[in-house]
Amino acid sequence: MSIKNLSRRSFLAGAGIAATAVLAGCGSYDNSGAQGSTAGAKKDSGDAQKITFCLDYTPNTNHTGIYVAKNKGFFKDEGIDIEIVQPAEDTAESMIGSGQAQMGVSYQDYIANVLASDQGMPLQAVAAIIQHNTSGIMSRAEDNITSAKGMENHTYATWDMPVEQATIKQVVEADGGDYSKIKMVPYTVDDEVSGLKANMFDTVWVYEGWAVQNAAVQNYSVNYFSFISMDDVFDFYTPVIAANSDFLKQSPDVAKAFLRAAKKGYQYAIDNPADAADILCKEVPELDANLVRKSAEYLAGQYTNDAKSWGVIDRDRWARYYKWLNDNKLVENEIDVNAGWTMDYLEQ
């Protein structure tokens, strides 16, 4: 691993399945359509281009635009037959990098891990799913923790990763706090709200689009402050649509067609969040409909936010976060701060 021991996958499980039933196919998904495939898109008997798209975890509102585009026929209109799969033992990055999936969902920091690896994989981001980092710290309202300094003398649920703890240390100290006064406890929950209710921890890193909305759905009072409100360096891209680089070179028109359809799907979710939520629930009925609708309403304002259109990646923001990883020696091999992404396939 190149970002030292970095893995948010189990942490993000909470963002994807909190307050929902675990999807039946989570541990046993059949990727027979992906196994043995090459990086290039395949045509089916109807001359549609087959694209295997690998999610980062179980379906959630980050993926709404993909499910909308599938349901509304946007992919079909572009001549694409999409198969949406979930990673089983492999990560989305290894699925995409090996060519078992041509495209999928990743994160800027995970792509840094790929770039810094001695082995490496042909993987790069081609569109930002959400324009800004929507994560931060959530706590019980009664504890009055309204800034990073307030985390002093409280417990924090950690997944014990250097990049995570380096982030917490930087924001706490920048706010005039003493990082050594925070007690680290293991992150062991799928539902952060339940963890707060049970006093398993006092503070926890969450995604506003899911955990904070979950608290609202449960009518549970919390405080929340975002990382980007404290330091611009943490405004990295999470999540992104990533693609196999060989596939992009071999099938550029297919990649562009895929992104045109995906963009229509996300624009529909922006313009029609309630209907988009219903579509996601129809496609993935195991999800909690009330939470999906609440999350969809929030994310409708976040998919594009202040960008000129959906999917845009800003060069300076991308580079700023990679420079922070390099400067803090959180990568085993220094990475090119401008590597790992392209806007060549997204029509703006």
Side-chain angles (χ1 to χ4, degrees), residues 3 6 8 11-12 14-16 56-57 60-66 105-112 124-138 146-148 163-164 166-168 170-171 174-175 192 204-216 222-242 259 262-263 265-271 273 276-277 294-325 337-338 340-343 346 348:
I3 291 182
L6 173 61
R8 273 204 323 273
F11 170 68
L12 288 169
D56 50 322
Y57 201 73
N60 58 71
T61 44
N62 286 344
H63 313 136
T64 300
I66 299 297
V105 178
S106 185
Y107 319 90
Q108 184 181 352
D109 46 347
Y110 274 49
I111 293 173
Q124 59 189 143
V126 292
I129 292 178
I130 298 172
Q131 186 55 216
H132 293 283
N133 181 359
T134 59
S135 68
I137 298 297
M138 186 171 76
T146 57
S147 72
V163 69
E164 166 223 3
T167 301
I168 299 298
Q170 179 155 324
V171 297
D175 196 37
E192 300 92 345
V204 58
W205 186 330
V206 300
Y207 281 79
E208 186 173 357
W210 195 263
V212 177
Q213 307 312 311
N214 185 21
V222 298
N223 282 325
Y224 170 82
F225 54 88
S226 67
F227 288 113
I228 63 174
S229 68
M230 294 177 281
D231 195 327
D232 287 344
V233 76
F234 299 122
D235 195 10
F236 57 94
Y237 287 96
T238 172
V240 297
I241 291 180
L259 289 176
K263 185 174 182 178
Y266 280 101
Q267 189 60 52
Y268 188 92
I270 292 166
D271 297 336
K294 186 72 173 175
S295 178
E297 181 181 350
Y298 167 80
L299 288 176
Q302 299 298 321
Y303 288 126
T304 299
N305 200 311
D306 53 4
K308 62 181 180 180
S309 62
W310 178 84
V312 172
I313 294 174
D314 179 81
R315 177 183 297 273
D316 292 340
R317 275 206 284 135
W318 185 278
R320 185 167 58 223
Y321 184 66
Y322 277 6
K323 182 177 185 300
W324 181 78
L325 292 177
V337 299
N338 294 309
W341 68 282
T342 177
M343 286 283 93
L346 179 70
Q348 301 176 42

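Just so you know, these numbers use all the heavy atoms, side chains as well, and skip hydrogens, waters and symmetry mates. Residues take their numbers from the sequence shown, with the count starting at 1.
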Starting at [atom1] of [X], measure out to [atom2] of [Y] and round the result to the nearest 0.5 Å.
X	Y	atom1	atom2	result
Leu299	Asn305	CG	CG	11.0 Å
Asn62	Thr134	CG	OG1	7.0 Å
Trp210	Tyr298	CH2	OH	13.5 Å
Ile130	Thr238	CD1	OG1	7.5 Å
Trp318	Trp341	CH2	CH2	8.5 Å
Thr61	Tyr303	OG1	OH	5.5 Å

Check whether any side-chain N or O of [X] sits under 3.5 Å from a backbone N or O of [Y] as a donor-acceptor pair, and report yes or no.
X	Y	result
Ser106	Val240	no
Tyr107	Phe236	no
Tyr224	Gly136	yes
Gln213	Glu208	yes
Asp56	Val105	no

*Run through Gln131, His132, Arg320 and flag the one making a side chain to side chain donor-acceptor pair (under 3.5 Å) with Asp235.*
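Checked Gln131, His132, Arg320 against Asp235; only one passes side chain to side chain donor-acceptor pair (under 3.5 Å): His132.
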Minimum heavy-atom separation for [X] to [Y], with atom names?
X	Y	result
Met343	Gly311	CE-O, 3.5 Å
Ala296	Ala277	CB-CB, 3.8 Å
Ser135	Asn133	OG-OD1, 2.7 Å
Gln348	Lys308	OE1-CE, 3.1 Å
Trp310	Ala127	CH2-CB, 3.9 Å

Should [X] and [Y] count as side-chain neighbours, where that means a heavy-atom distance under 4.5 Å?
X	Y	answer
Tyr237	Ile111	no
Ile313	Gln108	no
Asp175	Met230	no
Leu346	Ile241	no
Ile137	Trp205	yes

*Distance only, no hydrogens: is a donor on one side chain within 3.5 Å (strictly under) of an acceptor on the other, for Thr304 and Tyr266?*
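Side-chain D/A pair, Thr304 to Tyr266: absent.
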*asked:* How about NZ on Lys294, more than 12 heavy atoms from neighbouring residues, nucleotides or ligands closer than 6.0 Å, or not?
replied: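 Counting other residues, nucleotides and ligands, NZ of Lys294 stays at 12 neighbours or fewer.
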*Before giving the answer on side-chain contact (heavy atoms from CB on, under 4.5 Å), spell out for Val337 and Trp324 the whole-Å C-alpha distance, their side-chain angles and the decisive distance to 0.1 Å.*
CA-CA 9 Å; Val337 299; Trp324 181 78; over 6 Å; no
